[in-house]
Amino acid sequence: MAERVLTLRELNRATLARQLLLERKRLSPAAVIARLIGMQAQWPPAPYVGIWTRTTSFRREALERKLASGAVVKATVMRQTLHLVTRRDYAVLHAALSETNFPWETPDAKRLAPLVRALATAGPVTTAEALAHLEHEHGLTGLHARRAWRGARVRAHLLHHHETALWQARPGGRFVALEEPETHDPTEARAEILRRYLAAFGPASRRDMAAWSMMHVPELVRALERLEPLRRFRDEHGRELLDVPRVPLPDAGTPAPVRFLPKWDNVLLAFADRTRVLPERYRKTVIRMNGDVAQTFLVDGFVAGRWSVSNGRVAVEPFAPLSRSAERELQEEAGHLEAFLAESIADQS
């Protein structure tokens, strides 16, 4: 039986629905972070804006309570980048990525992990303190020392101090030791993570999964075998797309509201082919060569411009002229975002 072909707009609506960008839901910050398998956290306010745009009644302090309690942690996981993840998902992700050739799997990382963990037993350790220790005790200096420290601290479960993930983050470079996470079989962990990836981002190709996770293809194949049966589709270019069963696929004509996305939002970075949300003609404007990803807004489900904040006001920069109705909706949503930002700043002071 021929596989169903999903159009670009069908893929767009499926992704928006699973990313909570078609309809806001009343979910806790931890529930959103778990549903999306983490949220990019290089820029501290990004997860706050990302959760606000997906939920109802979100307040900054709700996330900060989860960070302070350790229920949500700031860790280096997918693509070797910083994410906020739930404590339970941190353990699964660590196992899922343990057979990938990341810096925390190097001989230096394995040798030094117990030593740098010991540094943090009495309390937070700074990067400067760790580098001084590596030089004094092991003769490591410069780039070699920094690489060894980064790999060893990730392997030793030294995570970023929660205050570096606050709305107005404290200075970075401070790390705390997390309790040894629960162990998981690496292949089973990958299978769970890929199932949840498809539920949050699918339907998707194997290349999409590899781009999101940076897992090796053989690792992906072994894990996917444990997920059978999967649904199979094709995109308009004939590429195979995989999906989990019983997840709705909204109609291509489903209305998509204006939504504001923060820097490095998950939905822009989770695919090898990002055109389901980010038109190719705007890709280099949004995603720079240095890896920076702009703050964007969606109109009719697709990236249509950038936004910034100046003197408390949200300024929008459409990439092309908008219809009057889209312009009105954009300005109304910008007003809601301004109110959220003002409230978050006032609560912080």
Side-chain angles (χ1 to χ4, degrees), residues 12-13 15-27 29 32-33 35-36 38-60 62-63 83-84 165 167-169 200-201 254-271 274-279 282-283 285-288 292-348:
N12 172 268
R13 291 327 195 237
T15 302
L16 296 183
R18 300 178 196 198
Q19 286 287 304
L20 306 173
L21 293 169
L22 275 187
E23 181 183 0
R24 286 185 165 100
K25 300 290 187 181
R26 190 175 183 83
L27 293 172
V32 176
I33 290 168
R35 176 166 175 155
L36 304 184
M39 300 190 76
Q40 294 271 153
Q42 290 99 309
W43 182 54
Y48 296 84
V49 176
I51 294 171
W52 169 82
T53 206
R54 291 170 164 90
T55 62
T56 61
S57 306
F58 170 65
R59 295 178 66 90
R60 172 194 57 76
L63 175 55
H83 285 69
L84 297 189
W167 175 265
Q168 292 183 352
F201 296 95
T254 302
V258 166
R259 289 290 184 258
F260 282 82
L261 302 179
K263 292 171 70 69
W264 291 291
D265 192 85
N266 300 39
V267 78
L268 301 182
L269 297 173
F271 306 98
R274 296 162 175 164
T275 57
R276 69 173 66 195
V277 176
L278 176 59
Y282 303 144
R283 180 174 57 84
T285 303
V286 171
I287 302 176
R288 302 297 181 86
D292 192 26
V293 179
Q295 300 175 136
T296 59
F297 56 83
L298 308 179
V299 174
D300 190 29
F302 294 89
V303 170
R306 297 179 293 199
W307 64 276
S308 59
V309 179
S310 178
N311 296 321
R313 299 301 302 274
V314 173
V316 296
E317 179 190 344
F319 295 146
L322 301 175
S323 68
R324 289 184 179 179
S325 60
E327 181 66 35
R328 284 195 300 271
E329 187 182 359
L330 179 63
Q331 293 301 328
E332 181 179 356
E333 187 69 3
H336 296 323
L337 177 55
E338 283 178 9
F340 169 73
L341 297 176
E343 180 183 73
S344 297
I345 292 169
D347 288 346
Q348 187 78 38

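Small disclaimer: the values here were computed from a predicted structure and weren't measured. Side-chain atoms are counted along with the backbone in the values below, which use heavy atoms only and exclude waters and symmetry mates.
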Notebook entry, point to check: For the atom pair CD (Glu343) and CD1 (Ile345), what is the distance rounded to the nearest 0.5 Å?
Noted result: 11.0 Å

Notebook entry, point to check: What is the minimum heavy-atom distance between Val299 and Ala326, and which atoms define it?
Noted result: CG1-CB, 4.0 Å

Item checked: Quiz item: cation-pi between Arg259 and Phe297, 6.0 Å / 45° -> no

Margin query: Measuring only between side-chain heavy atoms, which start at C-beta, is Asn266 closer than 4.5 Å to Met39?
Written below: yes

Margin query: Whether the side chain of Trp307 engages the backbone of Ala294 through a donor-acceptor N/O pair (distance < 3.5 Å, no angle test) should be reported.
Written below: no

Next item on the list: Flag this pair as yes if the NZ/CZ of Arg59 is under 6.0 angstrom from the six-membered ring centre of Trp52 and inside a 45 degree cone about the axis; otherwise no.
Entry: no

Notebook entry, point to check: Going by heavy atoms in the side chains, are Arg274 and Leu269 under 4.5 Å from each other?
Noted result: yes

Checklist line | Shortest non-hydrogen separation from Thr55 to Ile51 and the atoms involved | finding: OG1-O, 2.8 Å

Next item on the list: Would you indicate whether the side-chain heavy atoms of Gln19 and Leu16 approach each other to under 4.5 Å?
Entry: no

Item checked: Any side-chain heavy-atom pair of Phe58 and Pro29 under 4.5 Å -> yes

Margin query: Quick check for you: to the nearest 0.5 Å, what is the distance between Glu329 atom CD and Asp300 atom CG?
Written below: 9.5 Å

Check: Measuring from Leu322:CG to Gln331:CD, what's the distance to the nearest 0.5 Å?
Finding: 9.5 Å

Item checked: Side chains of Arg26 and Ser57, donor plus acceptor under 3.5 Å -> yes

Next item on the list: Take Arg24 and Glu333 through the salt bridge (Lys or Arg N to Asp or Glu O under 4.0 Å) test and state the conclusion after the steps.
Entry: CA-CA 13 Å; Arg24 286 185 165 100; Glu333 187 69 3; 2.6 Å; yes

Next item on the list: Would you sort out whether Leu63 and Trp167 count as a side-chain contact (heavy atoms from CB on, under 4.5 Å), showing the intermediate values?
Entry: CA-CA 9 Å; Leu63 175 55; Trp167 175 265; over 6 Å; no

Note to self: Could you measure the distance from the CG atom of Leu21 to the OG1 atom of Thr15? Nearest 0.5 Å is fine.
What the structure shows: 9.5 Å

Check: Do Pro47 and Ile33 have side chains that get closer than 4.5 Å, going by heavy atoms?
Finding: no

Notebook entry, point to check: Do Gln42 and Gln40 meet the criterion of a side-chain donor-acceptor pair at a distance under 3.5 Å?
Noted result: yes

Note to self: I want to check something: taking the side chain as every heavy atom from C-beta on, are Thr285 and Arg306 in contact at a cut-off of under 4.5 Å?
What the structure shows: yes

